[in-house]
Amino acid sequence: MPASGRFITIEGGEGAGKSTQIGRLRDALAGLGHTVVVTREPGGSVGAEEIRKLLMGGGVDRWDAVTEALLVYAARRDHLVRTVWPALARGEWVISDRFEDSTRAYQGAGGLDLAAIEQLGAVARGSFRPDLTLILDLPVAVGRARAAARRGPSDRFEDRGDGFHEKVRAIFLATASAEPDRCAVIDAAQDLDTVAAAIAATVAVRLGVALPR
Ligand code: Z5A
């Protein structure tokens, strides 16, 4: 798969500010003349958005952990084939609101073995990895309060308890420690402008672009 653009993923728990910060990063990169594709998981292609509906709706126990992971990876494969890889091949930058680290975090917190996730990943994406992953980290209570303040109906993941979301946070941080070259942790409990500046500084250093801070 030829790739001349760059692939950035933004990860973190609910209410971390991923969507908000992606908009700012997109604008900053576009200001430098890059064509930027903003996408999301689960979703980001016609087929993957259909699978997203299966994943997000219904009761917490609608799918067992393995079935849920198979749906996530079916969506991911379609997203890569239809959206991410073509954009990178055109030389565009792609920013994805969540990617595979969310599978480790959420399906891992749900009890799925990390080795199974690696096997599914190897089938669905081969050796392809993000160029940079920004993990927006904040206390679970802060993120959940933010999400609750602006949200409509909750989904299958938001309905899980604080203990589940604490595990999710711990897995994100463990991934960042295990893969420091790919991942950077951003303190997302700070105000919007401070978080945006930290992201711009990290992207500038890691990917060699001169973003305004
Ligand atoms: N999932 C999975 O299980 N496995 C997988 O492999 C993948 C996903 C890829 C998708 O949810 C669900 O799918 C996800 C995991 C699962 N479930 N959860 N939880 P999603 O990504 O569509 O939804 P989300 O992550 O819950 O989105 P969110 O709550 O909207 O979070 P956000 O995008 O990070 O936050 P935001 O919309 O930018 O901001 C939330 C509010 O906080 C908003 O009112 C902002 O104005 C405010 N905000 C943002 N930043 C700040 C700061 N710095 N200060 C104060 N207020 C702020």
Side-chain angles (χ1 to χ4, degrees), residues 9-26 38-45 48-49 51-58 60-80 83-84 95-112 114 116-118 120-121 124-125 130 133-169 171-172 175 186-199:
T9 57
I10 317 275
E11 301 276 12
E14 64 173 316
K18 298 178 297 300
S19 314
T20 309
Q21 295 298 337
I22 283 172
R24 292 190 170 209
L25 180 58
R26 176 201 56 215
V38 170
T39 186
R40 69 171 182 180
E41 287 208 350
S45 63
E49 290 290 335
I51 297 170
R52 179 185 174 98
K53 291 178 199 156
L54 294 173
L55 279 163
M56 305 298 279
V60 167
D61 296 326
R62 181 181 188 183
W63 310 111
D64 87 318
V66 173
T67 310
E68 190 171 273
L70 290 168
L71 286 168
V72 164
Y73 273 102
R76 179 157 302 132
R77 175 73 189 181
D78 196 63
H79 181 217
L80 287 169
T83 302
V84 176
I95 307 174
S96 186
D97 188 339
R98 299 191 181 279
F99 190 62
E100 193 166 32
D101 297 308
S102 281
T103 316
R104 290 196 192 88
Y106 286 86
Q107 279 62 57
L112 191 67
L114 193 58
I117 294 171
E118 290 302 324
L120 291 172
R125 56 153 175 78
T133 297
L134 300 162
I135 296 178
L136 305 196
D137 177 64
L138 80 175
V140 168
V142 177
R144 300 200 86 181
R146 282 185 193 169
R150 66 101 180 82
R151 152 185 324 141
S154 59
D155 62 44
R156 286 184 57 243
F157 298 95
E158 290 163 349
D159 285 345
R160 296 184 199 193
D162 285 351
F164 176 85
H165 290 280
E166 292 290 358
K167 275 191 208 165
V168 166
R169 184 185 187 196
I171 296 171
F172 276 132
T175 300
I186 305 290
D187 178 358
Q190 306 174 97
D191 65 79
L192 282 174
D193 289 341
T194 306
V195 176
I199 288 174

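In this text, all values refer to a predicted model and were calculated from it rather than measured experimentally. As the structure lists them, so they are numbered: ligands from 1, and atoms in each ligand from 1.
Between Asp97 and ligand 1, not a single N/O pair is under 3.5 Å apart. In terms of polar-atom proximity, Phe157 is not counted as a contact of ligand 1, lacking any N or O under 3.5 Å from an N or O of the ligand. The distance criterion of under 3.5 Å between nitrogen or oxygen atoms is met by Arg146 with respect to ligand 1. Polar contact with ligand 1: absent for Ala147 (N/O pair, distance under 3.5 Å).
Summarising the contacts of atom 32 (P) of ligand 1 with Lys18, His79, Glu14, Arg104, the nearest heavy atom is found in Lys18. Looking at Arg98, Arg144, Gln107, Arg160 and measuring to atom 4 (N) of ligand 1, the nearest heavy atom belongs to Gln107. Looking at Gly12, Ala48, Gly17 and measuring to atom 35 (O) of ligand 1, the nearest heavy atom belongs to Gly17.
With a 4.0 Å heavy-atom cut-off, ligand 1 is reached by the side chain of Val72 but not by its N, CA, C or O. With a 4.0 Å cut-off on non-hydrogen atoms, Leu55 does not touch ligand 1 at all. Of all the heavy atoms of Pro42, the ones lying under 4.0 Å from any atom of ligand 1 are found in both the backbone and the side chain.
Between the CZ atom of Phe172 and the CG atom of Asp101 there is a distance of 6.5 Å, given to the nearest 0.5 Å.
Interface of Arg76 with ligand 1, defined as ligand atoms under 4.0 Å from a residue heavy atom, comprises 6 (O), 9 (C). For ligand 1, the atoms sitting less than 4.0 Å from at least one non-hydrogen atom of Met56 are 10 (C), 11 (O), 12 (C), 13 (O), numbered in the order shown with element in parentheses. Counting the atoms of ligand 1 from 1 in the order shown, those under 4.0 Å from a heavy atom of Thr103 are 5 (C), 6 (O). Proximity to Asp191 (heavy-atom distance under 4.0 Å) selects the following atoms of ligand 1: 53 (N). Numbered from 1 in the order shown, with element, the atoms of ligand 1 that lie under 4.0 Å from a heavy atom of Glu41 read 9 (C).
Checked for salt-bridge contact, Glu11 and Arg104 miss the test: no charged N lies under 4.0 Å from a carboxylate O.
A donor-acceptor distance shorter than 3.5 angstrom exists from the side chain of His165 to the backbone of Phe157, with no hydrogens or angles considered. At distances below 3.5 Å, not a single donor-acceptor pair connects side-chain atoms of Ser102 with backbone N or O atoms of Arg98. At least one donor-acceptor pair closer than 3.5 Å links the side chain of Lys18 to the backbone N or O of Gly13. For Arg156 (side chain) and Val60 (main-chain N/O), a donor-acceptor pair under 3.5 Å exists by modelled atom type.
Residue-ligand proximity: Glu68 is placed with every non-hydrogen atom at 4.0 Å or more from ligand 1. Taking a 4.0 Å cut-off on heavy atoms, Gln190 registers as neighbouring ligand 1.
Across all their heavy atoms, Thr83 and Ser45 have their closest contact at OG1-CB, 3.6 Å. Of all the heavy atoms in Phe99 and Thr9, the pair that sits closest is CB-CG2, 3.4 Å.
For Arg77, there are no side-chain hydrogen bond (donor to acceptor under 3.5 Å, both in side chains) partners at least two apart in sequence or on another chain. Scanning for salt bridge (Lys or Arg N to Asp or Glu O under 4.0 Å) contacts around Arg160 gives Glu68, with sequence neighbours left out.
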* **Chi angles and distances behind the side-chain hydrogen bond (donor to acceptor under 3.5 Å, both in side chains) call for Arg40, Ser19** => CA-CA 9 Å; Arg40 69 171 182 180; Ser19 314; over 6 Å; no

